[in-house]
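A short write-up of the structure that comes next.
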Amino acid sequence: MTVNDMTVFIVDDDEAVRDSLADLMDLINLRVETYASALDFLASYMAPSPGCLVLDIRMPGLSGLDLQAELVKRNVMLPIVFITGHGDIQMAVQAMRAGAQDFIQKPFREQELLDSINLAMETGNRDRKALQVGQSVKQNIQRLTAREREVMDMIIEGKANKVIAIDMGLSQRTVEVHRANVMHKLKVRSLADLVRTITRIENI
Amino acid sequence: MTEIINEQIRILQKNPEYLNNILNNLPGMVFRCQNNRLWSMLYISMGAQAVTGYSPEDLVNGNVIDYASIIVEDDHERVWQEIHSALKHHQQYETEYRINTRQDGQKWVREKGCSGSSIEGETEILEGIIIDITKQKYAELALQTSKKRLDSIVEGSIEAILIHRDLKALFINKSLVDMLGYNCADEILALESIANLIAPHDWNRIKGYSIARMNGEYAPEQYEFEAQKCDGEIRVLQIESSIMDWNGQSAILSTLIDITERKLAIRELEKQRQQLAHMDRLSTLGEMAASIAHEINQPLTAISNRSSATRRRIDGGNPDMKKLRIALDAIEQQSQRAGEIMHRIRELAKPQSSQQVKVNIQTLVEECINFAEIDGRIRDTHIITEITTKLPQVIADPVQIHQVLLNLIRNATQAMKYLPITERQLTVGARQHDDYTVQVTVSDCGCGIEKETEKKLFDSFFTTRETGLGMGLSICRTIVSANNGRLWFTRNSDKGVTFRFTLPVA
């Protein structure tokens with residue numbers, strides 16, 4: 001997924017700010033969509049449109065923090081860069097805790113915003129990829145038989161084939177076959193690989 | 001001539017009753033007496049009866065009573081002295097004294113006489129005339145008492161009194177002497193002109209009034225001016241002047257009061273009122289600080305972004321000129337925007353503001369709402385304006401009225417803070433109240449004002465807010481009064497209250 005497929009969504013009630021930001025995005029060839037309010041954005045956004053959200057906090061109606069909460073509720077994975085005309089520490093902490101990418105005060109150096117947007121989009125990319133990988137791993141695990149599943153669990157615990165055979169009342173040869181199937185189905189080449197893969201999906 | 005007189009004298013000598021007739025017409029009597037303490041009368045005319053109650057026969061040679069006994073004892077010595085000091089200089093004497101009449105109480109008489117010619121063997125003679133002057137004397141005394149009374153009133157008056165003509169002082173009372181720090185009235189009367197009593201910068205105006213008044217032209221009856229004391233100190237005096245008759249000629253009568261202290265107190269009060277109003281404006285600005293910061297950061301952000309974009313385009317080589325122009329236009333626009341906000345803030349933050357000028361209410365209301373909406377909460381409120389078209393201009397201080405309107409809008413928003421956003425509605429209206437005034441209204445649909453709170457509403461330091469000094473409405477009231485208007489409120493028939501204030505039409 002290249003940056004060109006991603007959109008920067010700008011939500012700010014001030015027209016001058018919106019337009020000037022749109023112009024900047026246009027300049028560096030980023031696709032951009034602007035919205036005057038959080039509600040307008042929610043009405044138009046179709047997940048999972050990738051990119052990032054540049055969001056003001058103080059807006060009439062739904063505030064920026066309210067929008068962030070709503071997106072979390074809807075499980076929308078869109079990194080948020082907050083830009084605010086007047087922020088305090090409390091606001092910033094709340095925003096970051098809820099998972100914001102960054103919190104920038106107006107007026108800002110445009111480079112600062114652009115760097116933040118880039119980072120946000122990369123992070124977004126990475127997270128999306130990790131999610132995809134995780135999902136495919138989960139799918140693969142579904143394809144394991146019950147026996148293969150059991151064997152996998154014990155392999156991860158660090159048990160030797162011999163021990164697994166005894167524990168499961170199988171021949172060592174059978175265990176070796178199950179092990180090979182697990183490695184094949186999960187598309188991993190080594191024990192370390194296997195452990196890493198399984199650990200990763202547990203974190204998602 | 002002498003012939004006629006001599007002829008008449010011969011007639012009178014032949015007919016003594018003719019002489020008696022003449023003598024009886026005197027409002028008194030003629031006499032010849034011995035120059036002694038008894039006033040021994042040798043001859044006294046018939047008039048004695050009417051004047052003293054004693055007949056000539058009673059008095060001559062003290063038959064019934066000595067003339068001296070009729071004279072009131074207290075006056076005796078004085079009269080004797082007056083007579084004899086005149087006689088010593090061979091002059092006619094004139095003296096006034098009281099007598100006790102037989103039946104009519106006390107009377108006043110005037111005696112005029114001189115040494116008489118005595119025939120051989122007689123002691124020194126006095127001859128003269130005694131006239132009843134009782135009526136005149138009482139009138140004289142009454143006049144004197146009345147004058148004394150008047151004098152004490154004039155002298156004792158705390159109002160300073162000055163009578164002048166042709167710019168010269170004719171009469172001053174003690175209060176004026178004291179007021180101007182002189183030692184006595186004479187010092188002021190001796191001055192060449194009343195110009196010395198007036199502060200130099202005010203002299204021309206006062207001179208103008210005096211001259212106009214004496215000429216019967218218009219001059220104000222009451223006015224204030226700055227006077228100069230003996231030591232040069234300047235005092236502010238209130239003066240009331242009119243034309244009066246003084247010794248047969250016109251003169252100006254002026255009464256004066258020293259109002260220096262009063263003026264200082266008024267000035268001090270006005271200064272304090274200004275300070276309070278200023279404090280209230282600063283307080284409002286303080287409450288709006290966060291919103292203001294946010295509001296200014298918006299145009300700054302836009303300017304910053306546009307500038308960066310422009311620079312990038314230029315750095316990138318062969319920039320799109322149209323886009324550069326758009327960016328520059330935006331920069332200019334946003335700078336103005338920020339400038340206007342700062343301008344409004346500076347106006348509100350200024351300590352002094354007291355300029356009554358012609359104000360267009362429509363413009364003022366719009367500007368005020370624009371500024372008020374910097375506060376997000378007010379932006380969340382639905383504001384409607386109902387201003388009649390072709391509203392006449394009013395005379396007011398625009399910054400002060402702005403302050404009042406801002407206060408009322410903020411209060412109204414506060415009153416609706418617990419309503420859901422969709423129900424928050426505020427109406428600012430203006431219409432002609434009558435021929436001379438315009439009425440501005442701020443209506444909300446909030447929680448209203450309770451009966452108990454109503455009485456204290458315009459008190460200083462009364463507030464139902466968690467923050468804020470509570471000066472708002474009391475200041476608003478004094479401001480509106482100072483702008484010649486009234487501030488009050490009415491309850492709406494459905495929900496909420498309407499605050500109303502009037503301003504004079506220009």
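In what follows, every chain begins at residue 1, and chains take the letters A, B, ... in the order their sequences are listed.
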Residue B/R325 excluded, over 12 heavy atoms near CZ under 6.0 Å: no
Region of B/A330 that comes under 4.5 Å of a non-hydrogen atom in chain A: neither
Contact listing (chain B partner; residues 8-25 of chain A; heavy atom under 4.5 Å): A/D12, A/D13, A/D14, A/A16, A/V17, A/D19, A/S20, A/L21, A/D23, A/L24
Over 12 non-hydrogen atoms of neighbours within 6.0 angstrom of CD in A/Q90: no
Those residues of residues 298-320 of chain B, ordered by number, that approach chain A below 4.5 Å (heavy atom to heavy atom): B/Q298, B/L300, B/T301, B/A302, B/S304, B/N305, B/R306, B/S308, B/A309, B/R311, B/R312, B/R313
Residues B/H294, A/D56; criterion side-chain contact (heavy atoms from CB on, under 4.5 Å); working and verdict: CA-CA 11 Å; B/H294 178 268; A/D56 189 8; 3.9 Å; yes
Pairs touching residues 105-155 of chain A that satisfy ring-ring contact (aromatic ring centres under 6.0 Å, His included), sequence neighbours left out: none
Residue pair A/D26 / B/K323, side-chain heavy-atom distance below 4.5 Å: yes
Part of A/I28 within contact of chain B (heavy atom distance under 4.5 Å): side chain
Contact listing (chain A partner; residues 379-389 of chain B; heavy atom under 4.5 Å): B/R379, B/D380
Enclosure of B/E450 CD (heavy-atom neighbours >12, cutoff 6.0 Å): no
Residue A/L114 versus chain B: region with a heavy atom under 4.5 Å: side chain
Exceeds 12 heavy-atom contacts within 6.0 angstrom, atom CZ of B/R337: yes
